[in-house]
Amino acid sequence: MWCWELLLPLLLIINDVSCQWNVWVPRDISAMTNSCVVIPCTFMYPSGIRPYRGTHGIWYFGQPYPQLFPPVVFKSRTDVVHESYKGRTKLLGDLHQRNCTLLINNIGTEHSGRYYFRADLGGANMYTYPDFSELKVLDQPNIDVPEEIVSDESLELTCYAPDNCPDMTPEIQWMYTDYLPDPEFSSDYLEESNTAVLSSTLTFTPRPMHNGQLLGCRVYYPNTTLVYERLISLDVKYAPRSVWVNVSSEVMEGSSVMLHCEVDSNPPPRISWMFGDQELLWDTASNVSLSLDDVTPAQEGIYTCVGDNGYGTMNTSLYLAVKYPPREPLVNDSMTVLEGSSLALHCSTQGSPAPTLTWLKDGELVGTITADELSVLDIVEITPQGDGQYRCLAENEHGRASSSFNITVEYAPVLLEESKCTVVREGVQCVCIATGNPEPTIEFYLPDLNITINETDGRYNFYTHTDGHTSTGMIKLREKGERVDNGGPAVNVHCSIYNMYGRESIHLELQQEKKYMMAVIVGTIGGVAVIAFIIAAVRYVGHNNKKENGNPRQDVVLENPALYYSAVKKDKQNLRKKVLKTELLGSKFNSILEETTGEDGDYQPAGSMAGLEKQELNYAALEFIGARSREGASGRGDDGSNYTEIKAK
């Protein structure tokens, strides 16, 4: 530090050039307690100023401004100083040579702080320099410890002792180094800004075992009792060296299990329990336990304990097996497809042991049974019959589970064979039945009238009904149409069915139903029998009158024939016996005729013979109680036959 004597003439030359108020002091300086310290100082002032009655100076502590009354450390004009500095300070420099170097003896930690110099050249030429020197008084040496001490990496520790007291030179010694592997020592002397520092460096390679060990640095001044020591604890960072966990195990669903993990590292690691990619638990500690309560099948798998402290990572895994019945299978979502499409139906599940998978359609087995966690059911060119519910059933020794979904097949409309036109009471009834998905729309077309019927009409009584994928349309044609060669009505009706996938139109054929044909046959036979009966009765009555009155041309007139009605008989045997009677045949014919013919003479639908037997029939017997001739009431037909007018009163 004594190169200061060589530096001072250079600073004086600079002063003559700058001619400004300026001061140079070391920014930082240090000293050990109870020792001394020298603060080098050089000041300058403008060349135009001439000191009046000499050059004087003042050292302040803490503040540069006199008006704030800072403690006076040294004053050249008087010996008045702050009591904490009495007998301790001395000006080593010559103020006339602009040297303001200050010596402080027997310093303590209370003397740490900033020191300012004020030049007093007489009169108004006084100036306090803003630059300061900050003194640090140490009660122990400094040890330069790296921010990180990493295992297996070379480490350097340096101990510093200030050497700013001219009368005492320090020495440095390391303590507790016997357990270190191959320690090396080196010394150095640093001088900067007229301040000096003695240093000693210890070099070695730490191991994890050295973590927490003590090292010390001792500074002492020979021939004095001044000894200073500092101890440090080595914080050796090392990656996790071991990770301990439970052994792999098997548990039943619903039970509880505790997984333990312990990691050796410094600093303490962040311990994570991982299940696959999912982090279940973490904590910064040397050991962490994971508790699994009411274990479920989804918790079976590999559990990994990971220790990471930033210097390294280590992990150990275990396998936890959970016995459980199959989980609910994962299957396709419900879908709507077009007829002819090909499908691949997937079913997957989990179970322990591995389950068997079975495909069912509407409760019936389809496909094959698979002993795996995945089953694929292929459907090639699906038909409308493939529409329905599909279920995948998973089974193992612990239970079963299933999942289902619906497949809806859409297809173009198809006309059913039940579609036709038939003769009914009102005229002709046409029915059109079609199936399709979406449900088909039905329209009727009358080409002769160029009319399309698709809504309720007073003339055609349009009616439609939808049941599932089947649509039914019906119309009634009140006009019977013109007769064709076979005597039946001529019907020309077209049925049109369509949905978004297609359209079809056909001509509906007219069909005579058996019940109508039977009614015609029975009516014809009955009519012939009644006519024969009436002719025979008329001739019989005429013949009797001729015998009694002797007048063959006199006709018989029934004035008040009694008409008796029998009760309705529900017994089938009695009914058959009465039907066999000739006198009832006319009544039955009339009954059939009334059912098949309306008041306006139109054809009416008649039931089958079985239906007639189930109906309640009314019948009557005619009995001629008395007869007399009346003029105008009898006569002869064109063919010469006698006829009689019969009236009931």
Side chain to side chain contact (heavy atoms under 4.5 Å, CB included) partner of Pro269, chosen from Val263, Val288, Val243, Val306: Val263
Matching residue for Pro206 among Asn211, Ile149, Asp152, Val150 - test: side chain to side chain contact (heavy atoms under 4.5 Å, CB included): Ile149
Would you indicate whether the side-chain heavy atoms of [Y] and [X] approach each other to under 4.5 Å?
{"X": "Pro353", "Y": "His398", "value": "yes"}
{"X": "Ile369", "Y": "Leu357", "value": "no"}
{"X": "Leu234", "Y": "Leu215", "value": "yes"}
{"X": "Pro46", "Y": "Trp21", "value": "yes"}
{"X": "Gln173", "Y": "Met175", "value": "no"}
{"X": "Val37", "Y": "Ser35", "value": "no"}

Should Leu345 and Phe405 be marked as a side chain to side chain contact (heavy atoms under 4.5 Å, CB included) after you check the CA-CA gap, both sets of side-chain angles, and the distance that decides it? CA-CA 10 Å; Leu345 309 182; Phe405 61 96; 3.8 Å; yes
For atom [atom1] of [X], decide whether the heavy atoms of other residues, nucleotides or ligands shown that lie under 6.0 angstrom number more than 12.
{"X": "Asn223", "atom1": "CG", "value": "no"}
{"X": "Ile302", "atom1": "CD1", "value": "no"}
{"X": "Arg400", "atom1": "CZ", "value": "no"}
{"X": "Gln67", "atom1": "CD", "value": "yes"}
{"X": "Asp362", "atom1": "CG", "value": "yes"}
{"X": "Phe185", "atom1": "CZ", "value": "yes"}
{"X": "Glu364", "atom1": "CD", "value": "no"}

For His111 and Tyr85, take the angle between the two ring planes, folded into 0 to 90°, and tell me which bin it lands in: parallel under 30, tilted 30 to 60, perpendicular over 60. tilted
Parallel, tilted or perpendicular for Phe117 and Phe43, by the 30°/60° rule? tilted
Exercise: identify the closest heavy-atom pair between Met252 and Val322: C-CG1, 4.4 Å
To check you understand the geometry: which heavy-atom pair defines the closest contact between Gln389 and Ser404, and what is its length? NE2-OG, 3.8 Å
Given Tyr319, Phe275, Trp273, the one that forms ring-ring contact (aromatic ring centres under 6.0 Å, His included) with Tyr303: Phe275
Cationic tip of Arg241 within the cone over Tyr238's six-membered ring, i.e. under 6.0 Å and within 45° of the normal? yes
NZ or CZ of Arg391 within 45° of Trp359 ring axis and under 6.0 Å: no
Between Tyr45 and Tyr127, is the ring-ring contact (aromatic ring centres under 6.0 Å, His included) condition met? List the steps. CA-CA 9 Å; Tyr45 52 87; Tyr127 183 78; over 10 Å; no
Look at Lys237 together with Glu148 and state whether they make a salt bridge at an N to O cut-off of under 4.0 Å. no
So, Arg270 and Glu279, do they make that salt bridge, N to O below 4.0 Å? yes
Ignoring hydrogens and geometry beyond distance, is a side-chain donor-acceptor pair present between Asn266 and Asp235 at under 3.5 Å? yes
Test side chain to side chain contact (heavy atoms under 4.5 Å, CB included) applied to Asp163 and Thr169, step by step: CA-CA 6 Å; Asp163 186 17; Thr169 300; 4.3 Å; yes
So, for Tyr228 and Tyr220, is the gap between ring centers shorter than 6.0 Å? no
